[in-house]
A.B. asks: 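Structure in C-alpha cells, see below.
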Amino acid sequence: MSDALINATGTTTMTMAGAINAGLRAAMERDPKVLLMGEDIGALGGVFRVTDGLHKDFGDDRVIDTPLAESGIVGTAIGLGMRGYRSVCEIQFEGFIFPAYNQITTQLAKMHYRSQGNITLPLVIRVPYAGGIGAIEHHSESPEALFAHTPGLRIFSPATPQDAYDGIQQAIAAPDPVMFFEPKARYWDKGEVNTGTVETRLSDAAATIGISGSRVAREGTDVTLVAYGPTVRLALQSAELAAQAGTSVEVIDLRSISPLDSDAVVKSAKKTGRVVVTHEAVTTFGVAAEVSARVTEQAFFHLHAPVLRVGGFHTPYPGATFEHEYLPNLDRVLDAVDRVMKH
Amino acid sequence: MSDALINATGTTTMTMAGAINAGLRAAMERDPKVLLMGEDIGALGGVFRVTDGLHKDFGDDRVIDTPLAESGIVGTAIGLGMRGYRSVCEIQFEGFIFPAYNQITTQLAKMHYRSQGNITLPLVIRVPYAGGIGAIEHHSESPEALFAHTPGLRIFSPATPQDAYDGIQQAIAAPDPVMFFEPKARYWDKGEVNTGTVETRLSDAAATIGISGSRVAREGTDVTLVAYGPTVRLALQSAELAAQAGTSVEVIDLRSISPLDSDAVVKSAKKTGRVVVTHEAVTTFGVAAEVSARVTEQAFFHLHAPVLRVGGFHTPYPGATFEHEYLPNLDRVLDAVDRVMKH
Amino acid sequence: MENLGPLSEDGLVRLLNHQGEVLQDQTFSPYAAHLTPEKLREFWHDMSVLRAWDMEAMSLQRQGELGLWVQSYGQEAAQIGSGHALRDPDFVFPSYREHGVAMTRGVDLPSILRIFRGLEHGSWVPAEHGFHLYTLVIGAHALHATGYAMGMDRDGLVASGDADKDGAVVCYFGDGATSQGDIAESMTFASVNKAPVVFFCQNNQFAISESVTRQTNIPLADRAKGWGMPSIRVDGNDVIACHAVTQWALEHARSGNGPVFIEALTYRMGAHTTSDDPTRYRTKADEEYWSERDPIDRLTTYLEGADELPDEFREAVAAEGKALGARTRESVRGWSKPATLEMFDHVYAEPHSTVQAERAWFERYEQSFADVEASN
Amino acid sequence: MENLGPLSEDGLVRLLNHQGEVLQDQTFSPYAAHLTPEKLREFWHDMSVLRAWDMEAMSLQRQGELGLWVQSYGQEAAQIGSGHALRDPDFVFPSYREHGVAMTRGVDLPSILRIFRGLEHGSWVPAEHGFHLYTLVIGAHALHATGYAMGMDRDGLVASGDADKDGAVVCYFGDGATSQGDIAESMTFASVNKAPVVFFCQNNQFAISESVTRQTNIPLADRAKGWGMPSIRVDGNDVIACHAVTQWALEHARSGNGPVFIEALTYRMGAHTTSDDPTRYRTKADEEYWSERDPIDRLTTYLEGADELPDEFREAVAAEGKALGARTRESVRGWSKPATLEMFDHVYAEPHSTVQAERAWFERYEQSFADVEASN
Ligand SMILES: Cc1ncc(C[n+]2csc(CCOP(=O)(O)OP(=O)(O)O)c2C)c(N)n1
Ligand SMILES: Cc1ncc(C[n+]2csc(CCOP(=O)(O)OP(=O)(O)O)c2C)c(N)n1
Ligand SMILES: [Mg+2]
Ligand SMILES: [Mg+2]
C-alpha cells in the first residue's frame, strides 16, 4: 500500500495539460520517491509545458533532463524502480517511443512475472499521442495497440482534465507499470477539475481500480459509441448531432485500454444492440478490433448489426494537410452510426 | 520487375528448415544482390541451421555474420537496400527483434511512403517464432500482431515446407519489406516440395501475390477454422478429430497476416456460418481479433454463432513446463468448435 | 584521464578565427590551400543566401503558412563548408536541419518547405541529389548511412584505383543524437566493416533545451576513441576549417581507410524550432557571446580585409537572397492541397488488399457527398 | 591510433601467469596484498566446486532433465575473482552465465536450474542476494544496473563518509553484448550521472559462433575511452588479477568517482550452450591453447608450488563438489510440475480483469475435464 494522500480541495478550471501538471505536483509532494525523467522536461517544462514549474520547485534531483535516449530513460527508470523510485518518464512524442520498445516490452512488462512478484515496478510512461495538431511526421500517431497486446502493462488514456488529474496520480500510485497516453490535441481543452475526487488514502487497489474502468460519457439507447482519448470529444459531438436526427447514442469512454473494460461495453451493447468504435489509430489490428471481437463473443445474440470501426486508414500518418480526412471525423462517425441504424 | 527465374525441377521431401535453406540458395543464385545478414548465420549456419552451407558456398560477402545488434542489422540493411541490395536479415529468435523495432516501425515500414515511392526497400526479415519447443524465456513468443498494425510491412508465415520454399523466394523478390515469420516448432516437419511451383519469371506483382493470399488447407461445411504458421497442423488435427465426431471443419491457412486475406475467410464464413480462429500469440489484441472484427463486419448476417478465439493467455510466455496448457491445443480448439456448433 | 568538458576548445581545428585572421594547422591547412578568393566568395554567397532564405521561411511560419520551421541559423559554416567538400559519387544522410548541405547538393530550397507545410514527408528524390530525405527519429539514419556506405564499398566505389570515382557517405547529426544507441551501433558496424562513412556531428550545444553537458562529460569527438576511429574537433563556425577537415575525412574514407568522426563545435543561434522558446533555458549573454562568433561575419571580415568582397558582389548576393525569398513565398502560397485520395498512394510498391479496400471505400464515401451535393 | 586488435594482450593486467608465477603491477598488486593462502584456497574451492557443479548440470541436461544449459566453464576466475570483491551493499546485474558470481552472492546453485528446467524465469529473490535475475535480452540489464546505481547514489550509499557503508553495482555482460545500443546508452547515463557502476565485460572471445573480431577492431576495454571512463583490461583467467582490479574499480565507484569499465579477457572453454556445436566454427588447436591457460590449473600450480594445497583440502573440496552434484540431481528430479493455474500468477501486482477472466475460464474448463473423468 502506497501512502498516497489526496486532499479534497474543491473544483478548479484546468486545461488537460494543467491538470496533469497539477497531478504530477501532487504526487511529487506526497511521495519523495516520485521522479520525473525525460527530454526537456526541466527548465523548458517539456515541449508541451506539462512539467512547467516542477523543475523550479523540485530541483534537478526530482525533475531530470536525461540524455537523448529513450531506451536509456526507460531502462534506467527500471533500475531506479528496483530501488523503490517511482519514475514518471516523459516520451516527447509517441513517434519516439520505439527506441524504448525493447525495454518496455521485454523488460518492464515482464519483470513482475519473471521475478514471481518479487520485483514490482511502479513506473509511469507518459506519452503525448494522436493527431489533429498539424504536426510533421512521427508527431501525430496512435501506437497504443502496439502496447496493449503485451501482458504486464496497463494502458490508460484520459479524455478530460478530471481523468487526467486523477489518472496520473492513480497511475503513479499503482504498483504496476502504466503507459499513460495523453491526447495532445486535448491538452488545451478546459474542464472543471475537482481535486478531491480521489479517496484520501490511495491504496494499491484503489489506485489500480481508478485506472482500470471505463465511464459512460453520455447515456443513450440506440447505439453504443465507444471511444477513448482524443476521440471522446468527437464521439460526444457525434452523439449530439445524432440526437438532433433522432438517434440516441450512448458514448462510452474506455479510458483504460488494458485492461479493457469489456463488461461495460458488453452491457451497453446488450442494451442498444449496435456498436461503433472509433479511434485515431490505424484501424487494422487496432484497439477497435479487440472491442469488436469481445462484443461479438459476449453479446452476439443481442446485436442487431455488426460492430463497425471508424479509425485511421492503413497508411503511415500522412502529411498534416490530409489529417482531417485521415482521422475519424463527424461525418465518418455519423456515417457508421447510420449504417448500424439501418438494421 | 525483378529478374527472378524459378526453375521447374520436380518434387523433393524437405523439412521446413531445409525448404527455407533451399529457397534462400535459389534466391542467392538468381540474384547477386541478395545478401544474408544476421547473428551466427555464417560458419554456424544459424542456431536452427537454416542457413547451413550458404556461407561456405557464397562466402563472407554474401552471408554476413553481423555484430550483435538487431537495430544495426535492420538499419544497415535499409541503407544497403537504398543501393539496391536485397538483404535477408535473420533475427535469431523472435524475442530479440525488439531492439530493431524502431528501425522496422519508424523507418523500414514508412520509407516507401515518405519518399513518395522513390525509395523501395525489398528487405526480408526472417523471424523464427512461436513456442512448443521447451525453450527458455524470449524463445517461444508470437509477436506478429505487433507488426501487423503497422502499414508498410507485409507479413507472411508459412505452415508447410512448400509455402516456406515458395514464400521465402517470393518475399525476397517482392519489392516491399516482408516479415517472414517461421514457426520454429515446424522447422523439422517434413513435406513434399515441388521446386517448380512458382512461375518461371517472378515479376514484382507475381511475387507479391504469392505472399498475399490464404489457402484452404482442408474443405468443410460446418465450421471455418482459421489458423496460420504453427497452428495450422493443430487445426488440421482438430478437423480430423471433429470429422470423426461428425463435424465438418474447413481449415483456412491464412499464410499472409498483412494483407489479411479476409475475402477468403469471409467467403468460408458465409458458407459455414461459424468461425473459430486459433493462434499461439496472446489472444487479446492479437491477429484473431482482426479476423473476428472483419468477419463480423462482412458476414454478420450469415453467422450462426459468434466468432471464437483460441490463443495464448494474457500472461508473458510462461516457463516451458506450462506451455502445453498455455498454447492452443486439441482440447481447446475442439472445445471452441463444440461451442460454435451449439448454435 | 582528464575531463575537459564537452564545451572546451581543446583540440579544436581552426583556420580562421572570429577576428577574421587565418591560422595555420600542419595537417589541415593543406586541405584549404585550394581555396581561392573566388571559392571563398562562393562560400560567402551560399551562407548568405541560405541565411536570407532561412529568415524568409521563418517569417512564412510566423504568418501561418508553415506548420513549423527548423532553422539552420548559426550553422551555415559547418554546413556549407562540409557540403562543398562533397562530390558527385558521395551521398549524404542529413538529420533535419541541414538545409545548407541540401543547397550544396542542388536541392531546390523552397521544395524543403513542402514538408513543413504538411504536404508530404519528403520532397526531393534522394538519388538525384545524393542527398537522402530528412530523418526525424534521432539517430536512426546513421545506420542507413553506414549500410549505404557498405553498399558503395561492395559496388567498387571505394579505393577503386581511380580516385575521382571513389565516393563516401557523410552522415549529419546533432550533439543530442550521440546519446542514441543507434549512433553507437553505427560506429560499430562502420568500423568492423571499414565502411566509408564520415560521421559529422554538429555540436550546436543544445538538444532543444538541454545543454550538451547533459549528454557527455567529455568532448563528443572523443566518443570515436571507443571504436579506434579517427576523429577531429573543428571550429564549426569556421567555414574554411570545416571544409578542410571534411576534405581530409572524405579522402580517408574514399580511399578505403574506414570511417571518421568529425565534431563541429558551433552554436544554434536561433530557437530549436519555431515551437521553442530559448529564453527559458539560456542567457542573453550566451547568445551575445556566440553572435560575436557568427560564422558569416568572420568570413566577411576576412574577405573585406583581403579586399575580396566588392560591393557589387554583396549587392548581387543580397538581391539573389531577396529573389529566392520572393520565389519561396510565391511557391509556398501557391501549393494547393493535393487530392485526398493521394494519401493512399505509395504505402506499398505493389497492391495491398487492405489499402485497396479502404481506398475504394473512401472513394465511394467521398462520392456520396458529391452525389448529395449534386442532387441538392 | 594504433589498432591492436581485440585479442591482443596489450595492456592486460596479470598478477599470476599461466605458469603459476606471481607478477607485479604497480597499481593493482596492492589490491591483491590481502590475499592470504587461506583466501586463495577459498578462491580455489569456489572455482573447483563451481566447475564440478557446472559439469553436473551439463550431464543433467544430457539426460533430458534440463531443457538447456549454459556453462560458466573456463570463466571461473573472472567470476569468482570479481565476485569476491563484492560486499553486502553492492548489487550485481548478471547476464545469464554468471553462476560463479551467483555462488559468491549466496544463491543456492541448484535453484538456478529451475529456470533451465522450464519451471520459472527467475528462481531467487534478487534483493536477498544483491543479485538480480538473469537477463537473456543481450545488453538490456546494463541500463537497469545504471539506474539502480543512480538510485544507490540518491539513497546516500555512495561516498557516504563511512566507506564500509558505500556500495556500487557490478554489471556483467559478454563481448558480443558490447555491440548493443543499450550498452552504449548505459555508459552515457552512467557517466553523466557519475553513477557507481562497474561494467564488467567477460570477453570470452565468442558470441555464440562469432569471434569478438566481428564486434570490434580494437580491445573492448578501449570502448570506455569514448566516454572518458577509466577502463582496465585484465587477464580473465587470473583470479588474483580479476579480484584486484574489481576491488580497485569498486572502490573507485563506491567513493563517488563514477563508473569504471573492466574487460576480462578469458575463453569460453565449452560450447555457448548445450544447443551449440563449436566444432563448426573454432579449431581444436585454439581450444587446446586455452585449455593450457585453464584458470583453475594456474592457481593449482601456484598453490602447489607454495605448498598450500594439502591433499586433505583437495579431497574435501572434491567431496563437496560431489555432494553438491548429488543434491542437485536429487533436487532437479524432485521438482514437480507446478499447478497449471500458477501460470496466471504475478502478471500484475494488482488484479487485471483480462487475466482474471481468462484464469476463471481456464479453471472452469479444466474442471470440466475433471467432471467428465469423475462421471466416467
Ligand atoms: C528518437 C527521438 N527522440 C526525441 C525526439 C524529439 N527531438 C527532436 S529534435 C531533438 C533534439 C535533437 O538535438 P540534437 O541531436 O543536438 O540536434 P539539433 O536539433 O540540435 O540539431 C529532440 C529531443 C526525436 N526527434 N527523436
Ligand atoms: C538482443 C539479443 N539478441 C540475440 C540474442 C541471442 N543470443 C543469446 S547469447 C548470444 C551471444 C552473446 O554473446 P556474448 O555477449 O559474448 O556473451 P556470452 O554468451 O559469450 O557470455 C546471442 C546472440 C539475445 N539473447 N538477445
Ligand atoms: Mg544540438
Ligand atoms: Mg562472449
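Below, each value reflects all heavy atoms present in this structure, side chains not excepted, and no hydrogens, waters or symmetry copies. Proteins come first, then strands; the chains are lettered A, B, ... in the order of their sequence lines, and each starts at number 1.
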A.B. asks: Count the heavy-atom pairs under 4.5 Å between each of Thr135(C), Asn193(C), Leu143(C) and chain B, then report the option with the highest count.
C.D. replies: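 Heavy-atom pairs under 4.5 Å are most numerous for Leu143(C).
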
A.B. asks: Counting only non-hydrogen atoms closer than 4.5 Å, does Ser212(B) touch chain C with its backbone (N, CA, C, O), its side chain (CB onward), both, or neither?
C.D. replies: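 For Ser212(B), there is no contact with chain C at all, as no heavy atom is under 4.5 Å.
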
A.B. asks: Among Leu121(B), Thr208(B), Ile119(B), Val74(B), single out the residue with the greatest number of heavy-atom pairs under 4.5 Å to chain C.
C.D. replies: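 Most heavy-atom pairs under 4.5 Å with chain C: Thr208(B).
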
A.B. asks: Working to the nearest 0.5 Å, report the span between CZ of Phe91(C) and CE of Met82(B).
C.D. replies: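 Phe91(C) CZ to Met82(B) CE: 7.5 Å, rounded to 0.5 Å.
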
A.B. asks: As an exercise, state the distance from NE2 of His352(C) to OG of Ser256(B), rounded to the nearest 0.5 Å.
C.D. replies: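 OG of Ser256(B) is found 6.5 Å from NE2 of His352(C).
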
A.B. asks: Before giving the answer on side-chain contact (heavy atoms from CB on, under 4.5 Å), spell out for His121(C) and Lys110(B) the whole-Å C-alpha distance, their side-chain angles and the decisive distance to 0.1 Å.
C.D. replies: CA-CA 10 Å; His121(C) 299 316; Lys110(B) 294 185 204 286; over 6 Å; no

A.B. asks: State, to 0.1 Å, how close Pro151(B) and Val347(C) come at their nearest heavy-atom pair, and which atoms those are.
C.D. replies: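 Nearest heavy atoms, Pro151(B) then Val347(C): CB-CG1, 4.1 Å.
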
A.B. asks: Provide the closest heavy-atom pair for Glu350(C) versus Pro175(B) in the form atom of the first, atom of the second, distance.
C.D. replies: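 Distance-wise, the nearest heavy atoms are CG-CG, 3.6 Å.
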
A.B. asks: Would the number of heavy atoms belonging to other residues, nucleotides or ligands and lying under 6.0 Å from CG of Asp162(C) be above 12?
C.D. replies: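 Count over threshold, so yes.
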
A.B. asks: Give, for atom NE2 of His144(C) and atom CD1 of Ile78(B), the distance between the pair rounded to the nearest 0.5 Å.
C.D. replies: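 Nearest 0.5 Å value for the NE2-CD1 distance: 4.0 Å.
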
A.B. asks: If you count heavy-atom pairs under 4.5 Å between each of Asp345(C), Thr188(C), Val192(C) and chain B, which one has the most?
C.D. replies: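 Option with the greatest count: Asp345(C).
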
A.B. asks: Report the distance from atom CD of Glu128(C) to atom CG of Asn118(B), rounding to the nearest 0.5 Å.
C.D. replies: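 Atom-to-atom, Glu128(C):CD and Asn118(B):CG are 7.5 Å apart.
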
A.B. asks: Among Pro99(B), Ser262(B), Ala205(B), which residue forms the greatest number of heavy-atom pairs with chain C at distances under 4.5 Å?
C.D. replies: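 Ranked by contacts with chain C, first place is Ala205(B).
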
A.B. asks: Working note: Met152(C) + Leu80(B), criterion side-chain contact (heavy atoms from CB on, under 4.5 Å); need CA distance, chi angles, decisive distance, verdict.
C.D. replies: CA-CA 9 Å; Met152(C) 288 179 80; Leu80(B) 282 157; over 6 Å; no

A.B. asks: Which one wins on heavy-atom pair count under 4.5 Å against chain C: Gly152(B), Pro177(B), Ser258(B)?
C.D. replies: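 Highest number of heavy-atom pairs under 4.5 Å: Gly152(B).
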
A.B. asks: Within a reach of under 6.0 Å around NZ of Lys267(B), are more than 12 heavy atoms found that belong to other residues, nucleotides or ligands?
C.D. replies: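 Atom NZ in Lys267(B) is not crowded, with 12 or fewer foreign heavy atoms closer than 6.0 Å.
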
A.B. asks: Enter the distance from Tyr348(C):OH to His112(B):NE2 here, rounded to the nearest 0.5 Å.
C.D. replies: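 So the gap between those two atoms works out to 11.5 Å.
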
A.B. asks: Let me know if Arg294(B) has heavy atoms under 4.5 Å from chain C in its side chain, its backbone, both or neither.
C.D. replies: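 Interface part for Arg294(B): side chain.
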
A.B. asks: Kindly compute the distance separating OG (Ser87(B)) from CE (Met150(C)), expressed to the nearest 0.5 Å.
C.D. replies: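 So the gap between those two atoms works out to 8.0 Å.
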
A.B. asks: Heavy-atom pairs under 4.5 Å with chain B: which of Leu136(C), Val355(C), Asp182(C) has the most?
C.D. replies: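 Between Leu136(C), Val355(C), Asp182(C), the count favours Asp182(C).
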
A.B. asks: Search all heavy atoms of Ala349(C) against all heavy atoms of Asp176(B) and return the closest pair with its distance.
C.D. replies: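 Taking every non-hydrogen atom into account, N-OD1, 2.6 Å.
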
A.B. asks: Are the side chain of Arg114(B) and the backbone of Tyr134(C) linked by a donor-acceptor contact shorter than 3.5 Å?
C.D. replies: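 Yes, Arg114(B) side chain to Tyr134(C) backbone: donor-acceptor pair under 3.5 Å.
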
A.B. asks: With the side chain counted from C-beta on, respond yes when Met111(B) and His132(C) share a heavy-atom pair under 4.5 Å apart, and no when they do not.
C.D. replies: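 SC-SC contact between Met111(B) and His132(C) confirmed.
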
A.B. asks: Tell me, side chain or backbone of Thr106(B) under 4.5 Å from chain C's heavy atoms, or both, or neither?
C.D. replies: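 Thr106(B) touches chain C through side-chain heavy atoms alone.
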
A.B. asks: Is Ser353(C) close to Asp263(B) at the side-chain level, that is, under 4.5 Å between some pair of heavy atoms?
C.D. replies: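 Contact flag for Asp263(B)/Ser353(C) side chains = no.
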
A.B. asks: At a heavy-atom separation under 4.5 Å, does Ile183(C) approach chain B through its side chain, its backbone, both, or neither?
C.D. replies: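 When you check distances to chain B, no heavy atom of Ile183(C) falls under 4.5 Å.
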
A.B. asks: Identify the heavy atoms of Phe189(C) and Ile73(B) that sit nearest to each other, and give their distance.
C.D. replies: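 Reported closest heavy-atom pair: CZ-N, 3.6 Å.
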
A.B. asks: Non-hydrogen atoms of chain C under 4.5 Å away: do they reach the side chain of Ile209(B), the backbone, both or neither?
C.D. replies: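 Neither part.
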
A.B. asks: Using heavy-atom distances under 4.5 Å, tell me whether Met343(C) contacts chain B through its side chain, its backbone, both, or neither.
C.D. replies: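 Interface part for Met343(C): both.
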
A.B. asks: Suppose a student defines contact as a heavy atom less than 4.5 Å from any heavy atom of chain C. Which residues in residues 61-69 of chain B would they list?
C.D. replies: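 Asp61(B), Ile64(B), Thr66(B), Pro67(B), Ala69(B) fall under the 4.5 Å cut-off.
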
A.B. asks: Set out, in order, the CA-CA distance, both residues' side-chain angles and the distance that settles side-chain contact (heavy atoms from CB on, under 4.5 Å) for Tyr113(B) and Glu120(C), then state yes or no.
C.D. replies: CA-CA 9 Å; Tyr113(B) 192 74; Glu120(C) 55 206 34; over 6 Å; no

A.B. asks: Using a cut-off of under 4.5 Å on heavy-atom pairs, state which of Val125(C), Thr146(C), Val169(C), Ile115(C) scores highest against chain B.
C.D. replies: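 Sorted descending by pairs with chain B, the first entry is Val125(C).
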
A.B. asks: Could you check whether atom NZ of Lys337(C) has more than 12 heavy atoms from other residues, nucleotides or ligands sitting under 6.0 Å from it?
C.D. replies: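 It does: Lys337(C) NZ has more than 12 such atoms within range.
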
A.B. asks: Could Lys33(B) and Asp155(C) be called an ion pair, given the rule that one side-chain N must be under 4.0 Å from one carboxylate O?
C.D. replies: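 Yes, charged N to carboxylate O under 4.0 Å.
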
A.B. asks: Please give me the minimum heavy-atom distance between Ala140(C) and Gln103(B), naming the atom from each residue.
C.D. replies: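 Where Ala140(C) meets Gln103(B) most closely, the heavy atoms are O-NE2, 3.1 Å.
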
A.B. asks: Counting only heavy atoms closer than 4.5 Å, note whether Ala145(C) contacts chain B via side chain, backbone, both or neither.
C.D. replies: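 For Ala145(C), no heavy atom lies under 4.5 Å from chain B.
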
A.B. asks: Might you work through the side-chain contact (heavy atoms from CB on, under 4.5 Å) test for Trp124(C) and Gln116(B), ending with a clear yes or no?
C.D. replies: CA-CA 9 Å; Trp124(C) 56 91; Gln116(B) 296 168 81; over 6 Å; no

